[in-house]
Amino acid sequence: INNVQVLAHILLFVFRNRLRGRRRCAGKNNKTNPEVVFMKTNTGSDEVNEMMPMRKLFPYAVQHIFAMFTGTIAVPIVISQVLKLSQEDTTLLIAAAIFVSGVGTLIQSLSITKYVGVSLPLILGTSFVAMPPVFIIASRFGGGLESLPYVFGGTLVSGVLLFFLAPLYGKIAFLFKPIVIGCYLIMLGVSLLPVSFSGIVGYPGDASYGDPAGIFLGVLTIAVIVLLNRFGKGALREMSILIGLIVATLVAVVMDMVNFGPVSSAGWFSFVRPAHYGIQFDLTAIILMFLGTFMATLDSVGTFSTVGRLCNRSMEGNALNSPMRGEGVAVTISGLFNCTPLTSFINNAGVIIISGVRSRYVTACSGVILIILSIIPKFSAIATMIPASVFGGATLVIFAFITVAGIDTLTKSVDMTKMGNMMVVGISVSVGLMFNGQGEALSQLPEMLRIILSQGVIVTFVLAIVLNLLFNFDSVVGKKEKP
């Protein structure tokens, strides 16, 4: 497949449909000169469609990239560390993550049609929820590069399924109450913390396992992030994780713990190749990746709702169909271009609040910048220079934030004085923790059941839904308001 043609067709298709739609709309409102209306800068209630000059558009777009970048590259880097991939393969996976994040951002910001994409200022990036399924698939298929075709094949099919099941999502969204989301976030954050710990101290058998210098760098990263959040303001606080990575990496350079080889050997220009590692389809891998993709949409729905409120648009019920289809297309492209499932980042809603700019063309510009960055291998290779212990410290903070977000959801939106709610949270999270990673202890169960039960996030999520229906059925189905 010619990569230039693939990228060109994606961008051309998106922009062409949006251009035609805007011109048709403009023509209805001003038949004498539709081009004037089309080029007119929108203000007031139509801030979402505001087209500002590039000198203003570009800085806001870069601000969104700073907010999402660490989370986006963290997933391929952690996956590479766990699967023990080479730095060259890590560079390729980082470039793929940046590329598909850009494409997905364009799809949601501009929309392909009125049925695919939401036309709101959204930024897409890789989802941490997909990492546990990736690790299970890797262990099932020998680990390393051999397992990646099954991961990407499962991701591709998951995107297609999400696209066609989008109308169903709006009908079952009532099940995902704050108590369910809170339990899910707590379990997700806690279940990923061991990955951060392994990044800081290393893995048994590695030469760097337990290295005091590595542990020092991990602790330093955490300390810088904490201090910036305590004493920093504005951009310093917003970019604390990115700054923590940079500061700790510079210290690692002084300690001679950074390898510059990948950057010097990387080229200046290269497109992300589709199916670089191949595409393989396996039922177990597809089910696991779809479950990961489905749960990643929980984050997206929260982001849709938040950004929708900021832009005076309701994002409930059938209004979720178009953005979910857009997410399905983005995840399909993600699997094709060597990446795991995507999600809409809530971090960037914070950027909208701080900047006050709601234009979807700002995030569309961010998408274009990401695509351009993805074709510069040296840029992606820079991320591979970051020592594993430094990244372990940064991800520990990220996963801690996820856990605290779950606790915050429960304390603000759930009446925890009710015994029923205490049972939902206590049982679902405890059972999830009990089963998480216990595949060997469940070896006598059917394989698929064993794999699913060993995923604590899935167990907690399902249990929270079932127990919430048991204790709060009337409020869940809407028969009466929650007391």
Side-chain angles (χ1 to χ4, degrees), residues 69-94 97 125-139 143-145 147-148 151 187-226 228 240-253 255-259 262 339-340 380-404 436-437 456-457:
F69 196 74
T70 304
T72 295
I73 66 171
V75 174
I77 289 177
V78 171
I79 289 175
S80 296
Q81 290 174 353
V82 174
L83 271 58
K84 301 186 183 301
L85 303 182
S86 67
Q87 288 185 314
E88 180 182 358
D89 289 312
T90 304
T91 300
L92 288 172
L93 293 182
I94 292 171
T126 52
S127 172
F128 288 106
V129 184
M131 289 203 302
V134 169
F135 299 151
I136 290 182
I137 294 171
S139 64
L145 294 177
S147 61
L148 291 182
V151 171
M187 187 62 219
L188 175 63
V190 171
S191 66
L192 290 173
L193 285 174
V195 177
S196 297
F197 179 76
S198 297
I200 294 173
V201 304
Y203 293 89
D206 291 350
S208 60
Y209 182 59
D211 182 9
I215 296 174
F216 165 74
L217 288 175
V219 173
L220 174 64
T221 307
I222 298 170
V224 172
I225 296 171
V226 170
L228 285 173
S240 60
I241 294 177
L242 182 61
I243 296 173
L245 286 171
I246 294 172
V247 170
T249 300
L250 291 175
V251 174
V253 171
M255 298 171 64
D256 196 26
M257 295 180 64
V258 174
N259 178 16
C339 190
T340 51
S380 299
I382 291 174
T384 67
M385 293 168 41
I386 303 173
S389 55
V390 172
F391 222 92
T395 55
L396 184 144
V397 176
I398 294 173
F399 301 153
F401 280 163
I402 293 174
T403 305
V404 172
N436 191 53
V457 177

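Quick caveat, the model's predicted, so the values are computed rather than measured.
- Using modelled atom types, one side-chain atom of S86 and one backbone atom of D89 make a donor-acceptor pair closer than 3.5 Å.
- Rounded to the nearest 0.5 angstrom, D211 CG and F216 CZ are separated by 12.0 Å.
- In this structure, F391 CZ and I386 CD1 are separated by 5.0 Å, a value rounded to the nearest 0.5 Å.
- In this structure the side chain of L85 reaches within 4.5 angstrom of the side chain of L148, judged on heavy atoms.
- In this structure, the separation between OG1 on T403 and CG on L193 is 5.5 Å, given to the nearest 0.5 Å.
- Summarising the geometry, atom CD1 belonging to I243 is positioned 13.0 Å from atom OG1 belonging to T221; distances are rounded to the nearest 0.5 Å.
- Counting all heavy atoms, side chain and backbone alike, A248 lies closest to L220 at CA-CD2, 4.1 Å.
- Looking only at distances, no side-chain donor or acceptor of S191 sits under 3.5 Å from a matching main-chain atom of G456.
- The line from CD1 of I137 to CG of L83 is 10.5 Å long, rounded to the nearest 0.5 Å.
- Looking at V190 and F399, their side chains never come closer than 4.5 Å, going by heavy atoms from C-beta outward.
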(Q) I'd like to know whether N436 forms a side-chain contact (heavy atoms from CB on, under 4.5 Å) with M187, so could you lay out the CA-CA distance, the side-chain angles of the two residues, the decisive distance to 0.1 Å, and finally the verdict. (A) CA-CA 9 Å; N436 191 53; M187 187 62 219; 3.9 Å; yes

Checklist entry - Would T395 and S196 satisfy side-chain hydrogen bond (donor to acceptor under 3.5 Å, both in side chains), going step by step from the backbone distance to the final call? => result CA-CA 6 Å; T395 55; S196 297; 2.9 Å; yes

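- In this structure, M257 CE and L217 CG are separated by 5.0 Å, a value rounded to the nearest 0.5 Å.
- Residues I225 and L245 have side chains not in contact (no heavy-atom distance under 4.5 Å, counting atoms from C-beta outward).
- Between S389 and I215, every side-chain heavy-atom pair lies at or beyond the 4.5 Å cut-off.
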Inset, instruction - Under the side-chain contact (heavy atoms from CB on, under 4.5 Å) rule, what do L396 and F197 come out as? Steps first, then yes or no, please. - result: CA-CA 7 Å; L396 184 144; F197 179 76; 6.0 Å; no

